[in-house]
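Okay, structure first, notes after.
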Amino acid sequence: MDVNYSKYSPKSLLEALSTIDRNGYPENYANLILEISSRRDEISLYEASLEEKKVKKWGAYFSAIGYFQLITGFFAMVGCLLYLYENSISGAVLSFGVAALNGISGFFVVKRNPKYYWLCYLNQGLQVVSFGVGGLYFNYFGLGGIFLTYDWVSPVYNWLQASFSIGGSVVSFSLNNEPNGYVQIDVLAIFYLLVIYKVMSKLEANKAINGTL
């Protein structure tokens with residue numbers, strides 16, 4: 001039975017194209033291709049609206065990352081002042097560096113300045129891996145994260161952890177005599193990197209189409 005594709009919406013036409021058995025229904029397939037060709041402008045507008053929704057969704061995620069970084073920068077600066085009050089210069093310098101990186105990165109994300117998005121890559125990239133080997137210990141997790149852990153020293157540990165901290169240490173680095181032996185992956189940081197990559201990909205696509213960012 002022939003199908004009247006003229007009643008189909010752009011969405012339905014594209015769904016029909018993806019599911020039709022062209023060999024089993026050659027006439028319907030030919031009619032479908034003809035209908036799509038005759039309504040190409042309408043379908044293009046529909047596809048553009050879908051792409052716009054995707055851009056807005058990833059843009060919302062990206063903005064959230066920017067605001068989280070600004071918040072982290074604020075608390076890191078508070079930590080810097082507390083270290084100064086305690087006369088801990090090394091702690092103050094470290095906290096100031098974290099505050100500057102998060103504050104500047106978050107600002108350029110919120111203001112949508114692609115020239116400095118690499119700072120966001122850097123900031124999130126530093127948070128992906130934490131480790132402790134012997135007396136060496138490094139951990140940088142911003143305000144929190146979702147962590148996958150492998151510990152070859154401790155017989156009992158949580159391989160999956162989630163933490164959130166306000167006003168706590170946003171970065172730790174130490175050389176001590178305590179035995180450490182673990183690697184930790186921050187899944188949330190990897191998700192943030194994916195969001196940044198998606199946004200950058202959209203920007204590059206728009207640049208290729210429009211010739212501008």
Side-chain angles (χ1 to χ4, degrees), residues 51-80 82-83 91 93-133 136-154 156-174 176 178 180-205:
E51 186 64 23
E52 184 179 358
K53 289 180 180 179
K54 291 180 181 179
V55 170
K56 287 183 178 180
K57 180 187 73 172
W58 288 105
Y61 292 154
F62 198 42
S63 294
I65 292 174
Y67 286 116
F68 279 135
Q69 290 184 335
L70 288 173
I71 294 170
T72 301
F74 170 78
F75 283 112
M77 184 57 68
V78 172
C80 176
L82 291 175
Y83 277 123
V93 170
L94 191 59
S95 290
F96 179 79
V98 172
L101 178 58
N102 279 273
I104 295 172
S105 173
F107 173 80
F108 286 126
V109 167
V110 172
K111 291 298 183 180
R112 292 295 193 271
N113 191 330
K115 184 178 179 180
Y116 298 101
Y117 283 172
W118 65 270
L119 289 171
C120 194
Y121 267 122
L122 174 63
N123 190 31
Q124 295 303 142
L126 289 172
Q127 299 180 46
V128 172
V129 178
S130 300
F131 62 87
V133 179
L136 179 64
Y137 168 81
F138 173 79
N139 188 25
Y140 176 32
F141 58 88
L143 294 180
I146 300 173
F147 305 102
L148 296 176
T149 305
Y150 174 68
D151 192 319
W152 60 86
V153 173
S154 176
V156 179
Y157 66 93
N158 294 323
W159 66 272
L160 177 62
Q161 304 176 55
S163 67
F164 182 74
S165 174
I166 296 181
S169 175
V170 294
V171 62
S172 298
F173 180 84
S174 64
N176 53 53
E178 296 180 4
N180 288 308
Y182 75 90
V183 174
Q184 199 171 58
I185 305 297
D186 188 344
V187 179
L188 187 59
I190 294 175
F191 171 72
Y192 285 167
L193 287 172
L194 174 62
V195 172
I196 300 168
Y197 171 77
K198 284 286 187 179
V199 172
M200 292 297 292
S201 298
K202 298 298 182 184
L203 286 172
E204 290 298 323

Requested in this report: Could you grab the distance from atom CG of Leu148 to atom CG of Leu160, nearest 0.5 Å is fine?
Outcome: 6.0 Å

Query raised in the report: With sequence neighbours excluded, what pairs up with Gln127 under the side-chain hydrogen bond (donor to acceptor under 3.5 Å, both in side chains) test?
Result: none

Query raised in the report: Hey, what do you get for CG (Leu188) to CZ (Phe147), rounding to the nearest 0.5 Å?
Result: 8.0 Å

Query - side-chain hydrogen bond (donor to acceptor under 3.5 Å, both in side chains) partners for Asp186, two or more places apart - result: none

**Report entry** More than 12 heavy atoms of other groups within 6.0 Å of Trp118 CH2
**Finding:** no

Query raised in the report: CZ of Phe191 to CG of Leu193: how many Å apart, nearest 0.5 Å?
Result: 11.0 Å

Query raised in the report: Mind checking whether Val183 and Trp152 have side chains closer than 4.5 Å, heavy atoms only?
Result: yes

Report task. Apply side-chain hydrogen bond (donor to acceptor under 3.5 Å, both in side chains) to Ser154 and list each qualifying residue two or more places apart in sequence or on a separate chain. Result -> none

Report task. State the CZ-CG distance between Phe138 and Leu126, to the nearest 0.5 angstrom. Result -> 6.0 Å

List the atom pairs, donor and acceptor, that lie under 3.5 Å between side-chain atoms in residues 53-64 and the rest of the protein, sequence neighbours left out.
| unit_1 | atom_1 | unit_2 | atom_2 | d |
| --- | --- | --- | --- | --- |
| Ser63 | OG | Gly59 | O | 3.1 |
| Ser63 | OG | Arg112 | NH1 | 3.3 |
| Ser63 | OG | Arg112 | NH2 | 2.9 |

Report task. Report the residues that fulfil side chain to side chain contact (heavy atoms under 4.5 Å, CB included) with Leu119, sequence neighbours left out, ordered by chain and then residue number. Result -> Leu101, Ile104, Ser105, Phe108, Tyr116

Requested in this report: Sequence neighbours left out, what passes side chain to side chain contact (heavy atoms under 4.5 Å, CB included) with Phe96? Give chain and number order.
Outcome: Met77, Cys80

Query raised in the report: Roughly how far apart are Gln69 CD and Asn123 CG, rounded to 0.5 Å?
Result: 4.5 Å

